[in-house]
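Encoded as C-alpha cells, the structure appears first; notes follow it.
Just so we're on the same page: letters track the sequence lines, and every chain starts at 1. No hydrogens, no waters, no symmetry mates; every other heavy atom, side chains included, goes into these values.
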Amino acid sequence: MDVDTRREGNVTVVSLAGKLDAVTSPAFEQQMRGTIEGGNHAIVVDLAQLDYISSAGLRALLVLAKQVKARGGKACLANVSGNVRSVFDMSGFATIFEVVESVAVGIEQVG
Amino acid sequence: MIKVEHLAKKFGELTVLRDVNAEIATGEVVSIIGPSGCGKSTFLRCLNLLERPTRGTISIDGVDILAKGTDVAMLRQKMNMVFQSFNLFSHLTVMGNLTLAPIRLKGLGRADAERKAMELLKLVGLGEKAGSFPDELSGGQKQRVAIARCLAMEPKVILFDEPTSALDPTMVREVLSVIRRLAREGMTMAIVTHEMDFARDVSNRVFYMDEGVIYESGTPAEIFDTPKQPKTRAFINRTRSLNFRIGSADYDLYALEAALETFAEKQLLPRQAQHHLLLLVEEVLQIYVPRLKEAVIDLAVSHSEKKDLLEVVLETPGMADNPLAGPDLEDELGLTLIRNLTDRIDFRVVEGKGRLELTVKK
C-alpha cells in the first residue's frame with residue numbers, strides 16, 4: 001500500500017492507495033501515530049485510490065481517529081467508494097466515522 | 001447382452017482404462033459421462049475392437065469377442081458405431097454412403113439396399129438428400145446420415161462416441177431427437193456424451209467414468225440428483241475447488257489471495273463475489289490466527305457452477321470449538337463482516353476436525 005502525506009494549510013491530507021489489510025495496517029498505524037505525535041491534529045484521509053479494506057484496516061482508521069480526538073483535533077475520511085464503501089456499509093463504520101464526499105469538503109470540515 | 005470384465009487399456013506407459021466392469025442388457029440405453037480424458041471413448045472403441053484391450057474380457061451374447069479368430073467385421077455389423085466427426089465417405093452421395101456396406105458386407109442387392117436406405121433417410125428426416133454429397137450438408141445433417149448409415153447394417157447395438165460434440169448448438173437438437181427416437185424403439189445403445197440433460201432424459205442407466213474405471217453407475221436420478229461418490233458429485237455439480245494449507249501464524253496472505261484471485265477469475269466469478277471471497281477469507285483467518293501456533297488449517301474454496309454456490313471450508317484437526325463463537329475475539333468487527341459476507345455459517349466436528357463451512361454471498 002502507498003501512503004502519501006501532504007499539508008493543505010493547517011490540514012494534513014493522507015492519501016491511501018492499494019490495500020489496507022492485515023498485512024499493511026500495522027505499518028500504517030505506526031506511520032499515523034508518528035504523524036499525529038508530530039503535531040498534525042487535523043487530518044483528512046483520502047480513500048479515492050484505496051481498492052480494498054478489511055477489518056484490520058478499519059481498526060487502524062479507528063485508532064487514528066481516537067488519537068486525533070484525544071489531542072483535541074478532528075479527522076475525517078474522503079472519497080469512500082466501491083469495495084471500500086461496501087465494507088463501510090457492512091460494518092456500520094460509515095455511521096461512526098466522519099465521511100465526506102471530497103478532500104476539499106474534508107479540509108473545510110477539519111481545518 | 002454385453003458383459004465387460006476387468007477391461008484395461010494402456011497406450012505405452014499411459015493407462016487409460018484400469019479396470020472396467022459393466023453389463024449392458026438388450027434394449028438398454030446407457031450414457032457414459034465423465035471428464036475429458038477419463039477413457040470414455042477408449043472404452044467404446046474397445047467394445048468395437050477399434051482398440052485392442054490390454055487385459056480383460058468382453059462378451060456379447062455369451063461370445064468372447066477377444067478370442068482368437070473373432071470375425072471383427074461381423075462384430076461391427078452387430079455393434080456399429082457413430083463417431084463425433086461423422087466419418088462419411090466424401091466422394092459418395094448420401095445414398096452411396098448408406099448402401100456401400102450393406103451391398104459389400106451383407107450381400108444385399110442394390111435395389112433392396114437403396115429401398116432400405118431411403119426408408120432410413122426418411123426416418124432421420126433426410127429423404128430429399130439422397131443425391132447430395134456430404135459437403136453439401138450441414139453438420140447436423142451429416143451426423144443424421146451417419147446414424148442412418150449405421151442403421152443400414154441393422155446392428156443390435158449402436159455405440160455413439162460424442163455424437164454432438166462437433167456440432168453447432170443449433171444442430172444438436174436434431175441429432176438428439178433421432179437418437180431419442182431410436183431409444184423409444186428399443187435399440188440397445190451406449191452413448192458417450194457431454195449433453196447432461198440428454199443423458200438424464202434418454203438413458204436407463206448412466207456410467208460415470210473417472211480414474212480409468214466406472215467410478216459410479218446408477219439410474220439417471222441416482223447419478224444426477226443424488227450422486228454418492230465425491231468425484232461424481234463434483235462433476236455433476238460442475239464444482240471446482242482450490243485447496244490451501246496454512247501451518248503458521250506467519251502465513252503468506254498475499255500468496256493465498258493471488259491463488260484465490262486466479263481461481264475466481266477462472267470461475268468467472270463476478271467482481272463483487274471475488275471481493276467478498278477475498279475479504280471473507282482474510283477475516284476468518286484473522287480470527288483463526290491466534291490458534292495457528294497449535295494447529296494446521298486446511299482451507300478449501302469450492303465453486304459449483306450448476307448450483308451457483310461459492311463455499312469456503314476450514315478444517316482444523318483437534319479443534320472442538322467454533323472460533324467464531326470464541327471469547328477471545330478482539331472485537332465484533334471481523335465477525336460483523338463475516339456475517340454480512342455469508343449466506344450460511346456452520347461449524348461441526350467431523351472425524352476429530354473442527355469444520356467451519358461458509359457460503360459466500362454473491
Side-chain angles (χ1 to χ4, degrees), chain A residues 1-3 16-33 45 47-70 75-77 79-99, chain B residues 244 246 248-261 264-265 269-292 297 299 312 314 323-324 326 328-343 345 358 360-362:
Chain A
M1 187 186 65
D2 294 325
V3 183
L16 306 185
K19 291 176 136 190
L20 189 56
D21 56 18
V23 175
T24 57
S25 292
F28 171 68
E29 232 178 280
Q30 199 175 348
Q31 188 177 345
M32 285 302 102
R33 189 175 296 123
V45 185
L47 305 183
Q49 301 300 316
L50 192 70
D51 304 319
Y52 177 97
I53 191 165
S54 66
S55 66
L58 294 178
R59 284 189 201 96
L61 292 176
L62 209 52
V63 168
L64 179 152
K66 280 181 180 171
Q67 288 175 344
V68 168
K69 197 176 174 187
C76 70
L77 308 177
N79 297 316
V80 181
S81 60
N83 286 338
V84 175
R85 178 85 220 182
S86 80
V87 174
F88 271 57
D89 292 340
M90 276 182 219
S91 60
F93 218 67
T95 58
I96 59 172
F97 216 101
E98 190 70 40
V99 177
Chain B
F244 212 92
I246 296 159
S248 141
D250 300 320
Y251 69 96
D252 186 343
L253 176 64
Y254 288 167
L256 171 58
E257 285 185 350
L260 290 172
E261 278 171 341
E265 277 164 18
L269 295 180
R271 294 195 74 81
Q272 179 174 283
Q274 292 191 28
H275 175 243
H276 285 181
L277 176 63
L278 260 61
L279 186 58
L280 178 66
V281 168
E282 181 185 336
E283 295 304 337
V284 172
L285 288 177
Q286 282 303 295
I287 291 177
Y288 268 71
V289 160
R291 296 157 193 266
L292 281 181
I297 299 170
L299 172 76
V312 176
L314 288 92
L324 302 191
D328 51 352
L329 293 181
E330 190 180 347
D331 53 39
E332 287 281 310
L333 207 47
L335 199 54
T336 303
L337 290 182
I338 291 169
R339 288 195 188 114
N340 275 283
L341 290 165
T342 50
D343 287 323
I345 303 174
L358 307 120
V360 183
K361 202 176 269 181
K362 290 172 88 178

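A:Ile53 touches chain B through its backbone: at least one of N, CA, C or O sits under 4.5 Å from a heavy atom, while the side chain does not. In this structure, no portion of A:Asp89 lies under 4.5 Å from any heavy atom of chain B.
Applying the 6.0 Å contact sphere to CD of A:Gln49 captures no more than 12 heavy atoms from other residues, nucleotides or ligands.
By a heavy-atom distance cut of under 4.5 Å, B:His275, B:His276, B:Leu278, B:Leu279 are the residues of residues 274-281 of chain B near chain A, going up by number.
Between chain A and the residues B:Leu285, B:Thr336, B:Leu337, B:Leu253, the largest count of heavy-atom pairs under 4.5 Å involves B:Leu337.
Between B:Gly334 and A:Arg59, the shortest heavy-atom distance links the atoms N-NH2, 3.8 Å. Closest non-hydrogen pair, A:Ser55 versus B:Leu333, comes out as O-CD2, 3.9 Å. Residues A:Met90 and B:Leu341 come closest through the heavy atom pair CE-CD2, 3.5 Å.
With sequence neighbours left out, the ring-ring contact (aromatic ring centres under 6.0 Å, His included) criterion links A:Phe28 to no other residue. Applying the side chain to side chain contact (heavy atoms under 4.5 Å, CB included) test to A:Asp51 and every residue at least two apart in sequence or in another chain returns nothing. Take B:Gln286 and apply the side chain to side chain contact (heavy atoms under 4.5 Å, CB included) test, not counting sequence neighbours, and it matches A:Ala22, B:Tyr251, B:Glu282, B:Val289.
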